[in-house]
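Just so we're on the same page: letters track the sequence lines, and every chain starts at 1.
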Number of protein chains: 2
Amino acid sequence: MKSDFNAYNYLLQHDIKPSVQRLAIINYLYEHRTHPTADEIYAGLIDQIPTLSKTTVYNTLNLFYQQAAILSLTIDDKNVRFDIDTSDHAHFKCLNCGKVFDVPAVLDSVTAIALEHGFIVAEKHLYLKGYCSSCNESPNK
Amino acid sequence: MKSDFNAYNYLLQHDIKPSVQRLAIINYLYEHRTHPTADEIYAGLIDQIPTLSKTTVYNTLNLFYQQAAILSLTIDDKNVRFDIDTSDHAHFKCLNCGKVFDVPAVLDSVTAIALEHGFIVAEKHLYLKGYCSSCNESPNK
DNA sequence: ATCAAATTTGTAATCATTACAATTTTATAT
DNA sequence: ATATAAAATTGTAATGATTACAAATTTGAT
Ligand SMILES: [Mn+2]
Ligand SMILES: [Mn+2]
Ligand SMILES: [Zn+2]
Ligand SMILES: [Zn+2]
């Protein structure tokens with residue numbers, strides 16, 4: 001089953017000039033909704049693009065973020081994680097297996113309160129931490 | 001005007017054995033509600049405790065965090081910030097001046113949704129980013 | 001006073017991310 | 001098509017926050 005995602009147009013829509021590397025990275029994010037780190041993206045693409053540089057991965061992700069084509073998640077204090085899903089949703093990180101899950105959420109009320117305080121809100125991040133259902137049922141350690 | 005905060009008892013209540021360094025750090029957090037970094041705490045205490053080591057500051061903050069005596073904030077991808085206020089509230093980071101402000105918030109609804117998905121929630125962090133009222137009125141650059 | 005445990009300290013290591021200059025690729029002008 | 005300039009990519013070195021670790025100091029119990 002082939003992906004119906006048009007990476008080329010997705011980049012153009014965000015004023016990003018497509019290149020082999022940029023298309024590969026945005027496609028990787030489309031196909032891997034696990035909120036990968038820059039290093040994971042690099043490891044996942046190095047076979048496909050043997051000349052790929054880790055610097056390019058970082059530069060490209062920063063460009064995507066600046067152009068609001070992806071989210072940059074700091075739920076983990078060690079690595080920044082990336083998400084092609086820029087819609088309003090929360091994230092849950094399991095303290096046992098480390099996976100980051102999506103959680104449906106609406107954050108309008110908090111944004112409204114921030115506006116009342118004179119803040120102009122550009123980004124909203126709701127991070128939850130705890131134990132996922134798998135790790136809860138069969139705890140590791 | 002003297003602080004009415006009993007640092008000694010606060011540590012004991014969280015099963016933390018008080019020491020000169022630990023008392024100084026928890027007092028610093030009580031008096032500085034700016035969500036300081038480990039480095040800022042170190043810089044703010046080095047005159048008062050000239051032998052203080054940065055390693056001790058990190059170790060102590062990690063201990064406080066493990067004992068749930070403070071919050072550990074990852075709103076900034078560069079530095080972890082710390083907060084003695086463990087009550088339910090959100091944070092707003094100004095992308096211009098870098099300050100981190102408190103924002104009142106109730107996150108029960110999202111926690112409920114997470115529970116429905118089988119997640120056990122231990123921590124909740126709501127981070128907003130944008131421009132504070134000062135920076136909004138007189139933009140810098 | 002003595003000994004062991006806990007805490008603190010200083011230094012070195014780790015490691016994610018960025019800086020930077022060289023190289024390669026792409027686009028534009030002749 | 002060729003020359004030239006601009007943009008993108010690459011490799012390596014630097015940065016900087018945090019941690020690892022072992023030595024030194026302090027604390028607490030006998
Ligand atoms: Mn997501
Ligand atoms: Mn706070
Ligand atoms: Zn898990
Ligand atoms: Zn500001």
Side-chain angles (χ1 to χ4, degrees), chain A residues 7-8 11-12 14-28 35-67 69-83 93 98 100, chain B residues 7-8 11-12 14-28 35-67 69-83 93 98 100:
Chain A
Y8 195 90
L11 294 185
L12 287 185
H14 291 87
D15 293 312
I16 299 165
K17 218 183 279 184
S19 71
V20 171
Q21 292 84 350
R22 290 171 179 175
L23 289 167
I25 292 171
I26 202 67
N27 264 316
Y28 185 93
H35 314 94
T37 63
D39 206 64
E40 288 168 349
I41 296 169
Y42 173 81
L45 293 176
I46 189 62
D47 285 341
Q48 175 184 333
I49 307 175
T51 62
L52 185 64
S53 163
K54 202 170 281 188
T55 299
T56 298
V57 176
Y58 277 104
N59 288 344
T60 302
L61 291 168
N62 286 340
L63 173 66
F64 289 178
Y65 170 66
Q66 285 167 29
Q67 299 299 113
I70 62 174
L71 296 183
S72 175
L73 308 181
T74 59
I75 193 170
D76 188 337
D77 57 327
K78 295 299 165 204
N79 309 284
V80 177
R81 294 171 170 279
F82 299 92
D83 193 347
K93 184 186 180 199
V100 175
Chain B
Y8 195 90
L11 294 186
L12 286 185
H14 290 88
D15 293 314
I16 298 164
K17 217 183 281 183
S19 73
V20 170
Q21 292 85 349
R22 291 172 179 175
L23 290 167
I25 291 172
I26 202 67
N27 263 316
Y28 185 92
H35 314 95
T37 65
D39 206 65
E40 287 168 348
I41 296 168
Y42 173 80
L45 292 176
I46 189 61
D47 285 340
Q48 174 185 333
I49 307 176
T51 63
L52 185 63
S53 164
K54 203 171 280 188
T55 297
T56 298
V57 175
Y58 277 104
N59 288 344
T60 301
L61 291 168
N62 286 340
L63 173 66
F64 289 178
Y65 170 66
Q66 285 168 29
Q67 297 301 112
I70 62 173
L71 296 183
S72 175
L73 309 181
T74 60
I75 194 171
D76 187 338
D77 58 327
K78 295 299 165 203
N79 310 284
V80 178
R81 294 173 170 277
F82 300 92
D83 193 348
K93 181 183 182 201
V100 176

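The side-chain heavy atoms of B/E40 and B/N79, taken from C-beta on, include no pair separated by under 4.5 Å. Proximity of B/Y42 to B/T37: side-chain heavy atoms (C-beta onward) are nowhere separated by under 4.5 Å.
When DNA chain C is scanned 5' to 3' for any atom under 4.0 Å from a heavy atom of chain B, the first and last hits are C/dA6 to C/dT18.
Taking for each of B/K78 and B/K17 the nucleotide of DNA chain C with the nearest heavy atom, the 5'-most of the two is the partner of B/K17. The residue among B/T56 and B/D77 whose nearest nucleotide of DNA chain C lies closer to the 5′ end is B/T56.
Residue pairs that meet the side chain to side chain donor-acceptor pair (under 3.5 Å) test with at least one member in residues 51-62 of chain B, sequence neighbours left out, are B/D39-B/K54.
Side-chain atoms of B/T74 never come within 3.5 Å of backbone atoms of A/D77 as a donor-acceptor pair (strictly under, hydrogens ignored). Between the side chain of A/R81 and the backbone N or O of A/H35, at least one donor-acceptor pair lies under 3.5 Å.
Proximity of residues 37-54 of chain A to DNA chain C (heavy atom under 4.0 angstrom from any strand atom) is not detected for any residue.
Interatomic distance, CZ of A/F82 versus CD1 of A/I70, reported as 5.5 Å (0.5 Å rounding).
Distances shown here put a side-chain N or O of A/Q21 below 4.0 Å from the OP1 or OP2 atom of D/dT10. The phosphate of D/dT19 has neither OP1 nor OP2 within less than 4.0 Å of any side-chain N or O from B/Y58.
Contact detail for B/V57 and B/A38: the closest heavy-atom pair is CG1-O, 3.6 Å. The two atoms that bring A/A7 and A/I26 nearest to each other are CB-CG2, 3.5 Å, heavy atoms only.
Counting non-hydrogen atoms under 4.0 angstrom, A/T55 reaches a base of the nucleic acid.
The nearest whole Å value for the distance from the CG atom in B/D76 to the P atom in D/dT18 is 9 Å. Separating the CG atom of B/N62 from the C1' atom of D/dC21 is a distance of 16 Å, rounded to the nearest angstrom.
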